[in-house]
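One structure below.
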Protein chains: 2
Amino acid sequence: MHTTDRTIGEAAAHFGLPESTLRYYEKKGLLPGLGRDEAGRRVFSEFHMTLLQVILNLKRTNMPLGSIRQYVEWVVEGEQTTPLRLDMMLKHRQAVLDEIEIMHEALDGIDIKIARYEDRVSGWRKSRTDEENASGEEAAHTSYRKEVHP
Amino acid sequence: MHTTDRTIGEAAAHFGLPESTLRYYEKKGLLPGLGRDEAGRRVFSEFHMTLLQVILNLKRTNMPLGSIRQYVEWVVEGEQTTPLRLDMMLKHRQAVLDEIEIMHEALDGIDIKIARYEDRVSGWRKSRTDEENASGEEAAHTSYRKEVHP
DNA sequence: TTAGAACTTAAACCATGGTTGAAGTCAAGC
DNA sequence: GCTTGACTTCAACCATGGTTTAAGTTCTAA
């Protein structure tokens with residue numbers, strides 16, 4: 001039992017997670033070899049704290065818990081799994097970069113909406129007289145309303 | 001019934017989604033006013049195709065269906081909801097940018113692992129004689145194995 | 001006119017990622 | 001010695017985002 005060991009409460013506070021999540025992660029095999037003290041309480045060693053940091057990095061990039069578990073199993077198996085881990089991380093990195101690019105593209109569509117809404121609102125400020133300035137989606141919307149409430 | 005109208009099969013093919021997902025979206029209120037033909041089949045108008053494109057942009061940026069539904073309801077309510085929609089989109093855009101930044105930071109941690117694994121593998125190629133070159137995580141891993149299998 | 005493809009509904013089912021509740025144990029301070 | 005807080009287990013529950021299944025209808029083309 002090392003001085004750097006932590007209780008579940010301390011580990012949870014450190015990472016800003018509920019204790020229930022850490023118990024759940026252990027149950028899911030993400031924290032292999034997590035010890036217990038004489039009273040049966042979980043002991044988070046420095047290794048497990050480091051591992052948790054890695055797990056959270058993978059989670060924040062949307063790796064499913066099942067894949068994280070595979071990765072952790074390879075870590076436990078030792079250095080002979082290095083090529084497997086390297087391959088997994090390289091693929092994951094590319095998947096994350098792809099995902100980020102897709103989000104950027106989707107953001108472009110959202111920015112167009114923002115621009116249209118800002119124009120509309122500032123148009124309202126310029127003149128409250130011309131009530132008919134629908135365009136784009138709103139035109140489609142109007143025609144939809146014509147069809148449904150003719 | 002317009003010439004640009006589509007069946008559920010055509011709409012699904014257009015967006016690369018299963019038909020079941022489109023039915024599910026309608027049930028969840030994401031496709032208000034979706035019509036039926038004489039035989040009771042869904043009719044996807046141009047408005048609904050445009051709306052679906054917007055829905056998918058929001059989804060690809062991880063907006064929950066419940067929020068998308070709120071947005072769609074505001075679209076149906078008309079132009080007086082423009083400020084609400086603008087506010088929602090601005091907040092969402094910032095949330096997406098934040099999320100992308102968090103992913104980039106997590107990627108940095110992953111890149112460090114990749115570098116370590118690549119070093120290790122190329123080290124193996126340089127000399128197969130020195131079997132003890134553990135560092136970082138692997139050192140922690142070793143000490144963990146000492147604790148668990150002493 | 002009959003088979004097959006394409007659609008319909010409602011309800012059940014599924015995976016993921018947790019959260020919550022009940023009932024109990026343990027160590028420390030009053 | 002007794003309460004209080006921090007922990008334990010196990011099972012049940014939950015939300016999200018669909019997918020699947022069963023049973024039935026309808027258009028299309030040979």
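All chains are named by letter (A, B, ...) in the order of the sequence lines, taking the proteins before the strands, and each is independently numbered beginning at 1. Just so we're clear, the structure is a prediction, and the values are computed from it rather than from any experiment.
- The 5' end of DNA chain D is approached more closely, in terms of each residue's nearest nucleotide, by A:I8 than by the other of A:K27 and A:I8.
- Sorted by first and then second residue, the salt bridge (Lys or Arg N to Asp or Glu O under 4.0 Å) pairs with a member in residues 103-112 of chain A read A:D111-B:R93; sequence neighbours excluded.
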> Passes side chain to side chain contact (heavy atoms under 4.5 Å, CB included), B:T82 versus A:W124? Steps please.
Replying inline: CA-CA 11 Å; B:T82 300; A:W124 287 345; 3.6 Å; yes
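- At least one side-chain heavy atom of B:R116 sits less than 4.5 Å from a side-chain heavy atom of B:K113.
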> If the sugar-phosphate is the primed atoms plus P, OP1 and OP2 and the base is the rest, what is the B/S/- string for nucleotides 21-30 of chain D, using protein heavy atoms under 4.0 Å?
Replying inline: -----SS---
> Given B:D5 and B:F44, is the side chain to side chain contact (heavy atoms under 4.5 Å, CB included) satisfied, shown in steps?
Replying inline: CA-CA 5 Å; B:D5 288 346; B:F44 285 75; over 6 Å; no
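- B:E10 places a side-chain N or O within donor-acceptor distance of the main-chain N or O of B:T7, the cut-off being under 3.5 Å.
- Residues that satisfy the salt bridge (Lys or Arg N to Asp or Glu O under 4.0 Å) test with A:E118, not counting sequence neighbours, are absent from this structure.
- A salt bridge does not link B:E73 with B:K28: every distance from a Lys NZ or Arg NE/NH1/NH2 to an Asp or Glu carboxylate oxygen is 4.0 Å or more.
- Using a 4.0 Å cut-off on heavy atoms, the residues of residues 16-24 of chain A that approach DNA chain D are A:E19, A:R23, listed by number.
- Taken together through direct or relayed side-chain contacts under 4.5 Å among Ile, Leu, Val, Met, Phe, Trp and Tyr, B:I102 and B:M63 form parts of separate hydrophobic clusters.
- Within the structure, side-chain hydrogen bond (donor to acceptor under 3.5 Å, both in side chains) pairs that include any residue of residues 58-67 of chain A comprise A:N57-A:R60, A:T61-A:H92, A:N62-A:E99 (at least two apart or interchain).
- Close approach of DNA chain C to chain B, defined as any atom under 4.0 Å from a non-hydrogen atom of the protein, starts and stops at C:dC7 to C:dT9.
- Here the side chain of A:E26 pairs no donor or acceptor atom with the backbone of A:R23 at under 3.5 angstrom.
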